[in-house]
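One structure coming up, written as structure tokens, with questions to follow.
Just so it is clear, the values below take in all heavy atoms, side chains as well, and ignore hydrogens, waters and symmetry mates.
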Amino acid sequence: MTLQTPFAQIRDRSLFIDDVDAMDLVKKYGTPLYVMSEGHIRHQMQQLKDSFMDKYDNVLPLFASKSFSCLEIYKLAQEYGIGIDCVSAGEISIALKAGFDSHKIYFHGNNKLYSEIEYAIAHDVDHFVIDNFHEIELIEEVASKLDKIIYATVRVVPEIKAGGHGYIQTGHKDTKFGFSARNGIYISAIQKIIDSSHIEFEGIHCHIGSQVFDLYAYISTMHRFVNFAYEIYDKLGVMATKINAGGGYGIAYTKKDEPLEFETITSEIMNIIKDGYDKRGWPMPMVLVEPGRYVVGNAGITLYTVGTVKEIPEVRTYMSVDGGMSDNIRTALYDADYDGVIVNKAYERKDTKVTVVGKICESADVVVKEIMVPKPEPGDIFAQFSTGAYHYTMSSNYNQLPKPAVVFTYKGKSKLVIRRQTFDDLTYFDVNEDYK
Ligand code: LLP
């Protein structure tokens with residue numbers, strides 16, 4: 001059992017999250033249930049503040065909100081003074097609805113639609129992480145139409161391979177994201193930005209991948225980025241006054257994972273940039289980082305009720321729960337590993353190896369590949385740990401399962417943040433129209 005947050009503990013014959021008994025949450029809100037420890041989220045956001053924002057001048061951490069997006073999280077980000085990375089007009093709309101400062105939103109994405117660019121600019125979002133030539137034209141067109149100036153960082157591919165699974169690597173040469181540095185492609189993009197009248201070039205951005213444990217990958221990327229800054233100046237005569245070093249910081253899902261310290265990564269990043277800029281006698285640029293999983297990943301615990309337990313002699317024991325790949329796609333998609341515990345049997349001997357599966361009509365519907373638990377029975381409550389990032393945001397209604405509720409816990413209390421979907425919600429978007 002690996003609880004990766006001090007905000008949750010096994011004690012008094014149960015699991016307590018921010019001092020709230022998980023069994024009480026089950027009684028109050030039902031299962032499956034996403035529980036997010038606000039204590040943990042605040043702790044991580046405070047960390048971004050203490051070890052980055054307050055430690056260096058002219059820096060800004062962005063929370064990558066694709067990892068967990070809802071009104072409440074944007075309010076928390078705003079409270080801590082951090083910015084956010086949004087990857088669609090949908091995410092931007094939620095952030096704005098939460099009252100988030102539009103000038104601290106950085107708009108990412110490899111295929112921003114005209115309508116999204118228009119929505120963002122009309123709502124005073126003025127920081128764009130530019131991904132491709134087409135986008136430069138769209139932004140110029142919309143910004144001139146709306147008479148706005150857009151500040152651009154240009155996403156450049158460092159050709160570094162990093163990240164927990166092939167699907168979540170983004171900095172290698174064969175990627176759909178950003179401008180290649182080959183044949184001066186990114187230099188032409190920056191030239192195009194300089195030539196446009198409503199976009200101001202500010203700097204460069206990278207994101208090498210997700211669930212990264214390799215410090216050397218960050219170090220090599222930053223060395224390349226300093227060289228990109230030199231090349232930009234030498235070829236175009238402009239200075240990159242902003243460097244966004246991306247996110248991707250790995251967290252521990254099981255005992256096997258050994259995450260890097262946030263401070264270790266950021267101090268390497270800052271040192272390399274400082275050395276590189278000092279060498280040219282340049283002032284330090286503004287530096288941004290954009291972690292998502294690091295902020296919310298270990299804050300999440302999903303509570304499920306156990307149903308069928310099926311033992312196949314000499315093969316495997318399947319323990320089914322009342323959710324599955326509709327609320328957790330990560331095991332099927334990335335072969336991800338998880339830990340967990342049967343809450344109501346937390347102190348019993350773990351003598352049964354099970355595969356935790358969901359109730360979805362697919363063999364890929366695995367929640368936890370293999371885990372030792374006390375002999376499971378229908379009605380037990382299984383808690384899956386570290387489900388705070390890319391679980392709720394990647395959930396679906398597959399097999400028409402209503403999405404679970406999201407509950408926050410903090411200092412011995414709980415509150416509903418997203419209500420459980422109902423059967424009515426499942427037909428909410430259906431319309432009854434005649435052919436015409
Ligand atoms: N910045 C950019 C440009 C990104 O594309 C991402 C994640 C992040 C920051 C934040 O990465 P993080 O710190 O959360 O690792 N669904 C996958 C992860 C996909 C990440 C996509 N981009 C998963 O569940 O592992």
Side-chain angles (χ1 to χ4, degrees), residues 4-5 40-68 76-77 79-85 104 106 108 127 129 153 155-156 158 160 162-164 168 170-171 202-229 240-252 257-279 282-299 388-389:
Q4 302 293 357
T5 167
H40 184 92
I41 298 171
R42 283 183 178 277
H43 177 268
Q44 298 302 91
M45 288 187 174
Q46 189 63 44
Q47 193 71 23
L48 299 183
K49 226 172 128 24
D50 294 345
S51 353
F52 192 59
M53 252 160 100
D54 293 349
K55 193 167 159 191
Y56 305 100
D57 289 335
N58 201 19
V59 295
L60 183 67
L62 308 176
F63 168 61
S65 65
K66 69 205 80 177
S67 59
F68 183 72
L76 280 174
E79 186 186 322
Y80 284 81
I82 61 189
I84 52 168
D85 145 356
K104 277 193 175 164
Y106 282 70
H108 286 65
H127 290 106
V129 177
T153 34
R155 183 164 180 167
V156 189
I160 298 283
I168 55 176
T170 51
E202 283 199 320
I204 44 182
H205 166 275
C206 66
H207 174 71
I208 52 177
S210 217
Q211 190 60 358
V212 178
F213 293 121
D214 178 6
L215 185 60
Y216 189 69
Y218 287 111
I219 293 176
S220 328
T221 304
M222 278 308 105
H223 282 301
R224 280 187 198 181
F225 261 55
V226 167
N227 284 328
F228 290 153
T241 54
K242 201 179 248 186
I243 291 188
N244 183 333
Y249 313 153
I251 62 161
D257 297 327
E258 287 173 21
L260 296 163
E261 293 287 332
F262 172 68
E263 269 192 275
T264 310
I265 306 171
T266 46
S267 76
E268 288 289 351
I269 289 171
M270 294 305 285
N271 287 340
I272 294 167
I273 297 173
K274 185 165 184 339
D275 280 358
Y277 273 57
D278 275 355
K279 270 190 195 130
W282 294 347
M284 193 61 184
M286 179 178 182
V287 180
L288 298 95
V289 291
E290 45 189 29
R293 191 189 316 264
Y294 171 81
V295 180
V296 289
N298 291 136

*Does the gap between the ring centers of H207 and H108 come in under 6.0 Å?*
no

*Shortest non-hydrogen contact from G209 to T170?*
N-OG1, 3.1 Å

*Please test F225 against I273 for side chain to side chain contact (heavy atoms under 4.5 Å, CB included), starting from the C-alpha separation and ending with a verdict.*
CA-CA 8 Å; F225 261 55; I273 297 173; over 6 Å; no

_I want to check something: taking the side chain as every heavy atom from C-beta on, are M45 and L76 in contact at a cut-off of under 4.5 Å?_
yes

*Is a side-chain donor or acceptor of K104 paired with a backbone partner of G81 at a separation under 3.5 angstrom?*
yes

*asked:* Nearest 0.5 angstrom please: I160 CD1 to Y216 OH, how far?
replied: 8.0 Å

*Rounded to the nearest 0.5 Å, how far does CD1 of I243 lie from CE of M270?*
10.0 Å

_Within 6.0 angstrom of E258 CD, more than 12 heavy atoms from elsewhere_ = no

_Reported CG-to-CG distance for the pair L62 and L288, which is rounded to 0.5 angstrom_ = 5.0 Å

*Is the shortest heavy-atom distance from the side chain of F63 to the side chain of V296 under 4.5 Å?*
yes

*Check whether any side-chain heavy atom of M53 lies under 4.5 Å from a side-chain heavy atom of L48, and answer yes or no.*
no

*Taking the side chain as every heavy atom from C-beta outward, state whether P259 and F213 have any pair of such atoms under 4.5 Å apart.*
yes

*asked:* Please find the pair of heavy atoms, one from A252 and one from Q4, that lie closest to each other, and give the distance.
replied: O-CG, 3.1 Å

*asked:* Could you check whether any side-chain heavy atom of Y249 comes within less than 4.5 Å of a side-chain heavy atom of I265, counting everything from C-beta outward?
replied: yes

_side chain to side chain contact (heavy atoms under 4.5 Å, CB included) between F52 and V289, worked out_ = CA-CA 9 Å; F52 192 59; V289 291; 3.7 Å; yes

_Between Q211 (side chain only) and I251 (backbone N and O only), is there a donor and an acceptor less than 3.5 Å apart?_
yes

*asked:* Please report the interatomic distance CD(E290) to CG(D85), rounded to the nearest 0.5 Å.
replied: 4.5 Å

*Parallel, tilted or perpendicular for H40 and H43, by the 30°/60° rule?*
tilted

*Is it true that the side chains of E263 and S267 contain a donor and an acceptor less than 3.5 Å apart?*
no

*Kindly give the heavy-atom pair with the smallest separation between V156 and P158, and that separation in Å.*
O-CD, 3.3 Å

*asked:* Are more than 12 heavy atoms, taken from residues, nucleotides or ligands other than Q46, located less than 6.0 Å from that residue's CD atom?
replied: yes

_Closest heavy-atom pair and its distance - W282, A229_ = CH2-O, 3.7 Å

_Any non-hydrogen side-chain atom of P285 less than 4.5 Å from a side-chain atom of E202?_
no

_Could you report the tightest heavy-atom contact between G276 and V226, atom names first, then the distance?_
CA-CG1, 3.6 Å

*Does any non-hydrogen side-chain atom of N58 lie less than 4.5 Å from one of M284?*
no

*asked:* Quick check: closest heavy atoms across G248 and Y218, and the distance to 0.1 Å?
replied: C-OH, 3.3 Å

_4.5 Å side-chain heavy-atom contact, Y106 and L60_ = yes

*Roughly how far, to the nearest 0.5 Å, is OG1 of T153 from NE2 of H127?*
8.0 Å

*Look up atom CG in N271 and atom CD in E268, then write down how far apart they are to the nearest 0.5 Å.*
6.5 Å

